[in-house]
Novice: 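Questions regarding the structure given below will be posed in turn.
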Amino acid sequence: MRTRTRVSTVGAAVLGAAVFLVPPAVAGAGSANPTPMPSSSIPYPCKTSPAPSATPANTPPTAPGTPEIVRTTLNVVRLRWAPATDSDGIACYYVREDRGDGTFAVVASFQPAVTEGDVYLPWPPSGVPSQTHNLYVVAVDTKGAIGPASGTVAVTIYNDVITPPSPSPSPSPSPVCQVKATSTTWNSGMTTNITITNTGSTTVRDWRLAFTFPNPGQQVTLGWSATWSQTGAAVTATATSWNKDIAPGQTLWIGFNGTHTGANPTPAAFLLNGASCT
């Protein structure tokens, strides 16, 4: 079982309204029966299924705005869209994935006041570097009518568990950088997340991050978004084929799971391509 904890792109505040996720379920592209949401607190028809066919027809909602990507965090994408309108009131929004064969899967659902939220997407299969998901939004009104689809946005999820041996780095000279690390400790285990920000004016190419564990009992067991190696207390993370360059102003998220014996202090001093980072 693989643990993944990488974050990428800029952050945005989470709306106060609750977000309700549903497991993907493929249905016909015109289906009026998407997968029900699990929470009993959601109003009909989104609590179960849209209204049955015996319900008199009514005017469906308008199409929501094409969703935009606010940020991507590991396999979680935060989307934002303009609301739909309907004289009967909006009951919920469904985020669907276009399968490309005339069918779709419902990957998330949201309360009627929510027009921004997180959508969890599957990781690419083992050995596949990335996978693209084409997502769109539909609105459901309080009488069960499903409106037309919004425009589609393409979201790419990268497979960030790296297993090849460490490549020989080709460092760029004297990068200007900022590195921050946070650790979570439990029993004899730990998870450490690291952000690398290029604060300079030139691209850092084929990056290589080095640091030393404060405690000799700390050990990396599985890392992501980099190729990880450890000799004694010295740890090195090197770029992968898909994130080898860090543009000016860009932040890269990497991390690892590990074990420790006794104390688990967070590393504080980092070298990026041989240059010290703040």
Side-chain angles (χ1 to χ4, degrees), residues 1-14 68-80 117-124 128-133 154-164 166-167 169 171-172 175-185 189-200 202-211 213 218 220-230 235-258 264 266-273 275-278:
M1 181 174 183
R2 304 183 299 179
T3 304
R4 309 169 185 274
T5 54
R6 178 172 62 87
V7 177
S8 62
T9 72
V10 294
V14 177
E68 61 177 291
I69 299 173
V70 177
R71 69 166 181 263
T72 304
T73 303
L74 296 177
N75 65 325
V76 184
V77 60
R78 173 163 284 262
L79 299 178
R80 179 190 297 141
D118 293 333
V119 177
Y120 290 75
L121 297 171
W123 291 101
V128 177
S130 64
Q131 193 170 49
T132 298
H133 303 265
V155 179
T156 300
I157 302 299
Y158 293 94
N159 195 339
D160 61 354
V161 174
I162 309 301
T163 56
S166 176
S172 58
V176 181
C177 51
Q178 183 180 66
V179 177
K180 294 182 179 180
T182 57
S183 294
T184 301
T185 303
M190 63 172 169
T191 295
T192 299
N193 294 301
I194 299 174
T195 61
I196 307 171
T197 302
N198 181 357
T199 56
T202 59
T203 298
V204 178
R205 303 191 184 279
D206 296 319
W207 59 267
R208 181 175 183 268
L209 185 72
F211 62 90
F213 276 131
Q218 294 170 290
V220 174
T221 57
L222 174 66
W224 51 88
S225 301
T227 300
W228 294 85
S229 62
Q230 181 174 350
V235 179
T236 301
T238 55
T240 71
S241 59
W242 54 267
N243 68 358
K244 63 181 181 179
D245 295 340
I246 310 175
Q250 180 184 358
T251 296
L252 185 67
W253 284 261
I254 63 175
F256 59 86
N257 287 335
N264 182 42
T266 302
F270 299 89
L271 297 176
L272 185 65
N273 289 358
S276 180
C277 295
T278 59

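Heavy-atom basis, side chains included; hydrogens, waters and symmetry copies ignored. The first residue of the sequence shown is numbered 1, and numbering continues consecutively from there.
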Novice: To the nearest 0.5 Å, what is the distance between CD1 (I196) and CG (L272)?
Specialist: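 These two atoms lie 6.0 Å from each other.
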
Novice: Minimum heavy-atom separation for A154 to T132, with atom names?
Specialist: CB-CG2, 3.9 Å

Novice: Taking side-chain contact (heavy atoms from CB on, under 4.5 Å) as the definition, give me every residue that meets it alongside Q178, ordered by chain and number, with sequence neighbours left out.
Specialist: K180, T197, T199, T278

Novice: Would you say N264's side chain and T185's backbone share a donor-acceptor pair under 3.5 angstrom?
Specialist: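 No: the side chain of N264 does not pair with the backbone of T185.
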
Novice: What's the shortest heavy-atom distance between I254 and A226, and which atoms?
Specialist: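 What the structure gives for the nearest pair is CG2-CB, 4.3 Å.
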
Novice: Do you know the tightest heavy-atom contact between R208 and T238?
Specialist: CG-CG2, 3.6 Å

Novice: Can you confirm whether T73 sits close enough to R78 that some side-chain heavy atom of one is under 4.5 Å from a side-chain heavy atom of the other?
Specialist: no

Novice: How would you list, by chain and number, every residue that makes a side-chain contact (heavy atoms from CB on, under 4.5 Å) with S130, sequence neighbours excluded?
Specialist: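 side-chain contact (heavy atoms from CB on, under 4.5 Å) list for S130, sorted by chain: T156, Y158.
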
Novice: Report yes if some heavy atom in the side chain of I194 is under 4.5 Å from a heavy atom in the side chain of V179; otherwise report no.
Specialist: yes

Novice: So which of T266, N193, T191 actually passes side chain to side chain contact (heavy atoms under 4.5 Å, CB included) with S183?
Specialist: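 Running side chain to side chain contact (heavy atoms under 4.5 Å, CB included) over T266, N193, T191 with S183 returns exactly one hit, T266.
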
Novice: Just so I know, are the side chains of W207 and N198 near enough to count as touching, which here means a heavy-atom distance under 4.5 Å?
Specialist: no

Novice: List the steps and the verdict of side chain to side chain contact (heavy atoms under 4.5 Å, CB included) for F256 and M190.
Specialist: CA-CA 8 Å; F256 59 86; M190 63 172 169; 3.9 Å; yes

Novice: State, to 0.1 Å, how close P248 and G200 come at their nearest heavy-atom pair, and which atoms those are.
Specialist: CB-O, 3.3 Å

Novice: Does any non-hydrogen side-chain atom of W123 lie less than 4.5 Å from one of I157?
Specialist: yes

Novice: Could you tell me which non-hydrogen atom of T192 sits nearest to which non-hydrogen atom of A181, and how far apart they are?
Specialist: CG2-CB, 4.4 Å

Novice: Test V155 against every option in N75, V77, V119 by the side chain to side chain contact (heavy atoms under 4.5 Å, CB included) rule and name the one that passes.
Specialist: V77

Novice: Donor-acceptor pair, distance only, cut-off 3.5 Å: does the side chain of Q218 make one with the backbone of F213?
Specialist: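 No; zero donor-acceptor contacts below 3.5 Å.
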
Novice: Side chain to side chain contact (heavy atoms under 4.5 Å, CB included) between L79 and I69: does it pass, once the steps are laid out?
Specialist: CA-CA 5 Å; L79 299 178; I69 299 173; 4.1 Å; yes

Novice: Does W228 form a side chain to side chain contact (heavy atoms under 4.5 Å, CB included) with V235? I'd like the steps, not just the answer.
Specialist: CA-CA 7 Å; W228 294 85; V235 179; 3.8 Å; yes

Novice: Looking only at heavy atoms, what is the nearest atom pair of N273 and R205, with distance?
Specialist: ND2-O, 3.5 Å

Novice: Any side-chain heavy atom of L209 sitting closer than 4.5 Å to one from T236?
Specialist: no

Novice: Has D206 got a side-chain atom pairing as donor or acceptor with K244's backbone, closer than 3.5 angstrom?
Specialist: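 Side chain of D206 to backbone of K244: no pair is present.
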
